[in-house]
Amino acid sequence: MGDGRGNSNSNRPEWLQQYDLIGKIGEGTYGLVFLAKIKANRSKSIAIKKFKQSKDGDGVSPTAIREIMLLREISHENVVKLVNVHINQADMSLYLAFDYAEHDLYEIIRHHRDKVIQAINQYTVKSLLWQLLNGLNYLHSNWIVHRDLKPSNILVMGEGEEHGVVKIADFGLARIYQAPLKPLAENGVVVTIWYRAPELLLGAKHYTSAVDMWAVGCIFAELLTLKPLFQGQEVKGTPNPFQLDQLDKIFKVLGHPTPEKWPTLVNLPHWQSDVQRIQGHKYDNPALYSVLHMSPKSPAYDLLSKMLEYDPRKRITATQALEHEYFRMEPLPGRNALVPPQPGEKIVNYPTRPVDTTTDFEGTISLQTSQPVSSGNAASGGIHGPHVMPARSVPRPMQMVNMPRMQPQGMSAYNLASQAGMGAGMNPGNMPMQRGVAAQAHQQQQMRRKDPGMGMPGYPPQQKSRRF
Ligand SMILES: Nc1ncnc2c1ncn2[C@@H]1O[C@H](COP(=O)(O)OP(=O)(O)OP(=O)(O)O)[C@@H](O)[C@H]1O
């Protein structure tokens, strides 16, 4: 695939030359995510996450540094693998290359809800959940709390040797935690609101791995019902973690927490200070089973209610959850979550990721048009063909961590610059670019930018606009 830029190949730093860029696949709070192919092995797809420059442009953000430090030490089948780290010394922009995963739970759930209009089969739900817990158990036993678990961060591998294997991604907010625990206030607000644990919403100063288990409970319920369990309206623009509507949604389903069942509740800042507002409505009759349409006696219900235990100290841990009866009864969980082992069971064909081939590494839009994306790669071809779509416009709201910036010279401590093999002045925009974009796709992108909601029911704008 050519780059449409003549013979600039020899000027490119080595790391750029090893990839063919296919296009943009996503945008998060911290940067853009691109799909690329390794030239030496065209069957190998890579997701390259480019971190945004800090506002003051004085180095690599601490979020990025933290992500690298964590990821380089992490190795587990259910955690996404960091294959390479690249840094552009000219502007200190940072590129992390991960193994590419064709699917994520956000898209899988959306596909079942909006396209096939049918529940995810039990085997798939159980296998996805088991693998998610398995990865999380590994992270927690290594003193890592993810803190931002949500369906889009839980990736699932497409066709190939690892088909249907879950990979936990996006450690932008993950942090090694050690006793004594660091207060939350130092790090900004964590966990996207729908999956945010009640202790955080009530202003807990310390977090534990229990916040991830709450998020897993919300995701488990969403896999079962195809709807987010607690869809609170976020009040933006405040560093205060208190989100009344989110708490209200939780209380409505689970009933009000009480100091009898959750003794440390009374110590939480917002339970005291906002007691009138929090307890304005009294929800005495928990209704989780009616939301889920399942028997409270079923093992799935039992496991879920243990994940949604109010008191974080009583909430089930990942290790305990893996031992739960739910996973010991038929259908047993398997490694390929997407393909039920029983013959005759219908296999759902999930769509490949949409790829926006109009955006290059610098995040600029190209209006040039040429041929469609060449065939022969999973993302652009396969059974579903290319999804050339406009990019999402609105990054998810989340706060940057308030820490001093790492200066460029400081990077050598992490041995990143040497790995990157880049000379100063090199521009990552020189990356070979696929120019297979119709002007129509660009127009569509502009139109959708004006409509962040994209007409999807039940999702607030930042969720609705997640996909192109
Ligand atoms: N290794 C990967 N393979 C394939 N897709 C990925 C990979 N990592 C991330 N993505 C996808 O890229 C998109 C953006 O990811 P990113 O982690 O930057 O942001 P996010 O999780 O959507 O939002 P935020 O960072 O604001 O929480 C998501 O759709 C995600 O599923």
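Start at 1 and go down the list; that is how both ligands and their atoms are numbered. What you see is a predicted model, and the numbers here were worked out from it, not measured in a lab.
Taking every non-hydrogen atom of Lys150 and a distance limit under 4.0 Å, the qualifying atoms of ligand 1 come out as 21 (O), 23 (O), 24 (P), 27 (O). Every atom of ligand 1 is numbered from 1 in the order shown, and the set under 4.0 Å from a heavy atom of Asp170 is 17 (O), 21 (O), 24 (P), 25 (O), 27 (O). The Val33 neighbourhood of ligand 1 comprises atoms 12 (O), 14 (C), 15 (O), 18 (O), with distances under 4.0 Å to a heavy atom of that residue. Close approach of ligand 1 to Asp148 (heavy-atom distance below 4.0 Å) involves ligand atoms 27 (O). When each atom of ligand 1 is checked for a heavy atom of Ile25 under 4.0 Å away, the hits are 4 (C), 5 (N). Atoms of ligand 1 found under 4.0 Å from any heavy atom of Phe98, numbered from 1 in the order shown, are 1 (N). Atoms of ligand 1 found under 4.0 Å from any heavy atom of Leu155 (numbered from 1 in listed order, with element): 1 (N), 2 (C), 3 (N), 7 (C), 8 (N), 31 (O). If you number the atoms of ligand 1 from 1 as listed, the ones under 4.0 Å from a heavy atom of Glu27 come out as 14 (C).
Residue contacts with ligand 1 include Asp99, since one of its heavy atoms falls under 4.0 Å from the ligand. Ligand 1 has at least one atom lying under 4.0 Å from a heavy atom of Arg353. The closest approach between Glu107 and ligand 1 stays at or above 4.0 Å for every heavy atom of the residue.
Among residues two or more places apart in sequence or in another chain, the ring-ring contact (aromatic ring centres under 6.0 Å, His included) test is passed with Tyr123 by none. Applying the side-chain contact (heavy atoms from CB on, under 4.5 Å) rule to Ile347 yields the partners Val339, Pro340; only residues at least two apart in sequence or on another chain are considered.
Both tests do not hold together for Lys50 against Phe34: distance to the six-membered ring centre under 6.0 Å, angle to the ring axis within 45°.
Within the 3.5 Å criterion, the main-chain N or O of Val145 finds no donor-acceptor partner in the side chain of Ser209. A donor-acceptor pair under 3.5 Å is absent between the side-chain atoms of Gln131 and the main chain of Asn78, judged by distance alone. Under the 3.5 Å distance criterion, the side-chain polar atoms of Arg315 are matched with a main-chain donor or acceptor of Ala210. The backbone N or O of Ala221 sits less than 3.5 Å from a side-chain atom of Thr225, completing a donor-acceptor pair.
Nearest-heavy-atom check against atom 30 (C) of ligand 1 across Ser152, Pro151, Ala169, Ala97 picks out Ser152.
Gly23 and Val355 get closest at one heavy-atom pair: CA-CG1, 3.6 Å.
Ring geometry, Phe251 versus Tyr310: the interplanar angle exceeds 60°, so the pair is classed perpendicular (tilted spans 30 to 60°).
Taking distance alone, with nitrogen or oxygen atoms compared against 3.5 Å, Tyr100 stays at or beyond that limit from ligand 1. By the 3.5 Å distance cut-off applied to N or O atoms, Ala101 is counted among the residues near ligand 1.
Residues His146 and Tyr195 place their aromatic rings such that the two centres sit no closer than 6.0 Å.
Counting heavy atoms closer than 4.0 Å to ligand 1, residue Lys49 contributes side-chain atoms (C-beta onward) but none from N, CA, C or O.
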